[in-house]
Amino acid sequence: MSYISTRGAAPELDFEATMLTGLARDGGLYVPRAVPVMTHDQIAALAGKSYEDVALAVMHPFIGEAFSQTAFRELIARAYADFGHPARAPLKQLAPGHFLLELFHGPTLAFKDFAMQLIGQMFQAALARSGQRVTIVGATSGDTGSAAIEAFRGLANVDVFILFPHGRVSDVQRRQMTTPSEANVHALAVDGDFDTCQALVKAMFNDHAFRDEVALAGVNSINWARVLAQVVYFFFAGVALGAPHRKVSFTVPTGNFGDIFAGFIAREMGLPIARLVIATNRNDILHRCMETATYERQGVAPTISPSMDIEVSSNFERALFWAHGQDGAAVAALMGELAQGGAFHLSENAMAHLRGVYASGRCDEAQTAAAIAATLAETGELLCPHSAVGVHVAETHLARDPATPMVTLATAHPAKFPDAVEAATGQRPGLPPRMADLFDRPERMTRLPDDLATLQALIRERIAA
Ligand SMILES: *Cc1c(COP(=O)(O)O)cnc(C)c1O
């Protein structure tokens with residue numbers, strides 16, 4: 001299995017190198033040269049299987065020679081062993097035709113654990129084999145960083161540096177990043193928003209001398225291995241609802257477009273997905289792009305669903321690569337326009353492709369709170385604000401296409417965002433018992449300005465120590 005860049009000008013890599021690299025050297029994102037297709041019978045055979053068995057069947061074709069079937073089965077087993085629910089991703093029914101896929105039973109209570117726990121296992125196995133050491137850097141709007149730190153804390157041959165926007169993540173998110181005491185964990189509070197953090201990370205990757213000097217590796221949602229791990233639960237939920245004999249739609253609370261793009265890969269592999277619905281909060285750049293064919297930055301406004309407060313939606317580039325017939329030069333030109341003028345315009349052909357796969361909707365702050373309250377009243381399910389954005393948008397879509405079952409992805413546990421949930425319902429969600437002492441543990445973090453040189457100096461100093 002070989003991987004190519006969405007901008008068409010980086011070396012082709014195998015799975016292991018793609019995973020260890022993260023961002024391609026031409027600034028693009030790695031994608032498989034050809035997506036393996038599962039037959040109708042192969043998909044039908046997934047029904048009733050455990051999450052781990054589905055994971056093995058769906059992911060192994062992408063891994064090539066990197067891990068044997070037996071070794072990979074072992075890594076998968078370890079990745080999901082600490083989840084707080086035996087189903088790993090339980091599917092609950094909210095209303096006729098509307099289902100909720102709970103992806104928040106991992107160690108940091110957000111769907112990011114599905115990919116990050118597995119990546120931690122895969123990095124460890126690959127680095128142990130080669131004797132290499134790497135420096136992982138990532139930007140986070142809250143959940144990626146905590147999931148990455150949880151997955152890599154204490155591992156040999158790895159330092160993990162996570163940049164988060166100072167004062168813009170929830171207390172639970174921050175504490176999940178600042179309380180691990182292992183020396184290889186570095187939580188960095190940056191003055192700025194998520195896009196500031198992401199731009200710093202991209203700049204470090206594009207500084208090739210620095211990148212080689214410290215052996216940078218990225219585990220942000222741009223890392224292909226993360227997208228791959230997320231493909232699994234689309235199959236897991238799809239077959240539970242009758243695929244491949246029946247079509248299913250998914251609504252995905254979307255920020256960086258990683259999670260929903262995993263759904264696109266599942267669809268390319270043969271899972272009969274009718275629509276992938278992009279659900280945005282009031283930072284609706286993706287929804288506006290779907291409506292107007294123009295992707296245009298207007299600034300980010302903070303919301304009660306902060307993990308989606310993003311306007312440079314990195315993985316959208318992967319969707320654009322498919323929408324332009326895998327023409328890397330065309331994608332590179334669009335990304336150049338975005339960097340220069342803060343916008344790009346999509347052709348009719350590209351829009352026809354996107355609208356054939358995706359639909360979209362937006363949910364403002366009042367609608368988010370109303371969805372949390374209504375879902376609690378009607379079903380007893382307490383939603384986090386991101387999941388509530390999804391449920392609101394899914395309901396609108398379901399009204400248009402009631403015959404196709406809809407699965408909304410519940411991306412975080414309500415206890416990760418207790419203030420917003422309490423304001424909407426009067427109920428304060430409690431942390432699961434396994435992390436009840438989070439607020440008693442000491443915190444450790446470094447405050448940083450938005451300055452590349454300062455950041456690079458800090459990384460050099462810490463990894464030399
Ligand atoms: C990361 C995150 C999202 C957005 O996912 P993307 O893959 O970036 O689109 C939504 N909800 C929660 C809780 C998240 O942590």
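As the structure lists them, so they are numbered: ligands from 1, and atoms in each ligand from 1. Computation of the quantities below employed the complete heavy-atom set of this structure, encompassing side-chain atoms and omitting hydrogens, waters and symmetry-equivalent molecules.
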Check your understanding: Given side chains that start at C-beta, do those of T294 and L346 come closer than 4.5 Å, heavy atoms only?
Key -> no
Point to revise | Residue pair F194 / V312, side-chain heavy-atom distance below 4.5 Å | key: no
Review point. Heavy atoms, side chains only, cut-off 4.5 Å: are H98 and Q93 in contact?
Key: no
Review point. Taking R362 for the side chain and D284 for the main chain, is one N or O donor matched with an acceptor at less than 3.5 Å?
Key: no
Check each N or O atom of ligand 1 against all protein N or O atoms and list the pairs under 3.5 Å, with atom names and distances to 0.1 Å, one per line.
residue  : atom   : partner : partner atom : Å
ligand 1 : 7 (O)  : G258    : N            : 3.2
ligand 1 : 7 (O)  : D259    : N            : 2.9
ligand 1 : 8 (O)  : N256    : N            : 2.7
ligand 1 : 9 (O)  : G255    : N            : 2.8
ligand 1 : 9 (O)  : N256    : N            : 3.2
ligand 1 : 9 (O)  : F257    : N            : 3.0
ligand 1 : 11 (N) : T411    : OG1          : 2.9
ligand 1 : 15 (O) : K112    : NZ           : 2.5
ligand 1 : 15 (O) : D143    : OD2          : 2.4

Exercise for review: Return yes if some donor-acceptor pair links the side-chain N/O of Y233 with the main-chain N/O of A89 below 3.5 Å, else return no.
Suggested key: no
Practice item. With rounding to the nearest 0.5 Å, note down the distance linking CG in L448 to CZ in F164. Key: 10.0 Å
